[in-house]
A.B. asks: 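Before we start, here is the structure in question, set down as structure tokens.
Numbers here simply count residues along the sequence, with the first being 1.
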Amino acid sequence: DTTPTTVLFTGLVESIEFQGQESTQTCTIRGRDYTARLMDVTIKPAVYTNSEISTIVTDLINDLVSNVTTTNVNVTPTILSRIAFNHVSVYDALRQLAELAGFYFYVDTNKDLNFKQLSTSSSGITIDNTNILRLRFDKMREGMANKIWVYGDRYFSAAPREIFTVGA
């Protein structure tokens, strides 16, 4: 078949479920777009000083995220005197940088990070009943963690304790 296709989403398939009876079959595919790559990588403690935001974005992606390019990262007018990241996901760092610059970001179907000024572009795709049968987006990742760091200060080895004997 030589019919051209339009790619709406590209990403990582996380589960496939088949359901059906007799001649009715349903295949449910669950996954995340390539923005998931940004959520799954954590930045080790890093500090950037006197840096323009797009250089920080490009540096983070090139150093930490595999299979995502930075061709569409636009230069911002914002230079930060200092910003530090301490075990946050690349996604959260990009969200913070985008807010500071008045930008937004996403990973497109070519696996390229787009970091653009708010309200300056459109995808040109309308999602409606002609190209989607059923669609549901889960926006919350509440209760999920890939890695957890715990920082402590003191350890009380001789803390007082009371022992109660019952029935003596």
A.B. asks: Mind listing the closest non-hydrogen atom pair of I56 and F85 along with its distance?
C.D. replies: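 Closest pair (atom of I56, atom of F85, distance): CG2-CE1, 4.2 Å.
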A.B. asks: Does the side chain of C27 come within less than 4.5 Å of I16's, by heavy atoms?
C.D. replies: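 They are in contact (side-chain heavy atoms under 4.5 Å apart), so the answer is yes.
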A.B. asks: So, N72 side chain and L113 main chain: donor-acceptor pair closer than 3.5 Å or not?
C.D. replies: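 A pair under 3.5 Å: no.
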A.B. asks: Do S51 side-chain atoms and T49 backbone N/O form a donor-acceptor pair below 3.5 Å?
C.D. replies: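 Yes; judged by distance alone, with no hydrogens or angles, the pair exists.
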A.B. asks: Decide side-chain contact (heavy atoms from CB on, under 4.5 Å) for Y91 and T35; before the verdict, give the C-alpha distance in whole Å, the side-chain angles of both, and the deciding distance to 0.1 Å.
C.D. replies: CA-CA 8 Å; Y91 179 87; T35 305; 3.5 Å; yes
A.B. asks: Does D40 reach the side chain of S89, with side-chain heavy atoms less than 4.5 Å apart?
C.D. replies: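 No - every pair of side-chain heavy atoms lies 4.5 Å or more apart.
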A.B. asks: Working to the nearest 0.5 Å, report the span between CD of E17 and OG1 of T26.
C.D. replies: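 Taking CD in E17 and OG1 in T26, the distance rounds to 11.0 Å.
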A.B. asks: Return yes if some donor-acceptor pair links the side-chain N/O of N110 with the main-chain N/O of D112 below 3.5 Å, else return no.
C.D. replies: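 No; judged by distance alone, with no hydrogens or angles, the pair does not exist.
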A.B. asks: Do L97 and V47 land in one hydrophobic cluster if side-chain heavy atoms of ILVMFWY residues count as linked below 4.5 Å?
C.D. replies: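 Not linked; separate clusters.
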A.B. asks: Less than 6.0 Å separating the ring centroids of F115 and Y106?
C.D. replies: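 Here the rings of Y106 and F115 have centres that are no less than 6.0 Å from each other.
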A.B. asks: Could you tell me whether the side chain of I53 reaches within less than 4.5 Å of the side chain of I83, counting heavy atoms only?
C.D. replies: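 Answer no - side chains too far apart.
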A.B. asks: Kindly give the heavy-atom pair with the smallest separation between N114 and K116, and that separation in Å.
C.D. replies: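 What the structure gives for the nearest pair is OD1-CE, 3.2 Å.
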A.B. asks: If we ignore angles and hydrogens, is there a donor and acceptor under 3.5 Å between the side chains of T76 and E52?
C.D. replies: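 Indeed, the side chains of T76 and E52 share at least one donor-acceptor pair under 3.5 Å.
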A.B. asks: For V68 and V65, which heavy atoms make the closest approach, and how far apart are they?
C.D. replies: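 Where V68 meets V65 most closely, the heavy atoms are CG2-CG1, 3.7 Å.
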A.B. asks: Using a 3.5 Å cut-off and no angle test, enumerate the donor-acceptor pairs between side-chain atoms of residues 57-64 and protein atoms at least two apart in sequence or in another chain.
C.D. replies:
from, atom 1, to, atom 2, distance (Å)
T58, OG1, S54, O, 2.8
D59, OD2, Y48, OH, 2.5
N62, ND2, T58, O, 3.3

A.B. asks: Can you name the nearest heavy-atom pair linking Q25 to Q21, along with the distance?
C.D. replies: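 Distance-wise, the nearest heavy atoms are NE2-N, 4.0 Å.
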A.B. asks: Of all the heavy-atom pairs spanning A93 and I43, show the shortest one and how long it is.
C.D. replies: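 Distance-wise, the nearest heavy atoms are CB-CD1, 3.5 Å.
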A.B. asks: Whether the side chain of T70 engages the backbone of V73 through a donor-acceptor N/O pair (distance < 3.5 Å, no angle test) should be reported.
C.D. replies: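 It does not hold such a pair.
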A.B. asks: Is there a side-chain contact between L80 and L100 in this structure, where contact means two heavy atoms from C-beta onward sitting under 4.5 Å apart?
C.D. replies: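 Counting from C-beta outward, L80 and L100 do come under 4.5 Å.
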A.B. asks: Nearest 0.5 Å please: distance from the OG atom of S66 over to the CZ atom of R37.
C.D. replies: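 S66 atom OG to R37 atom CZ measures 5.0 Å (nearest 0.5 Å).
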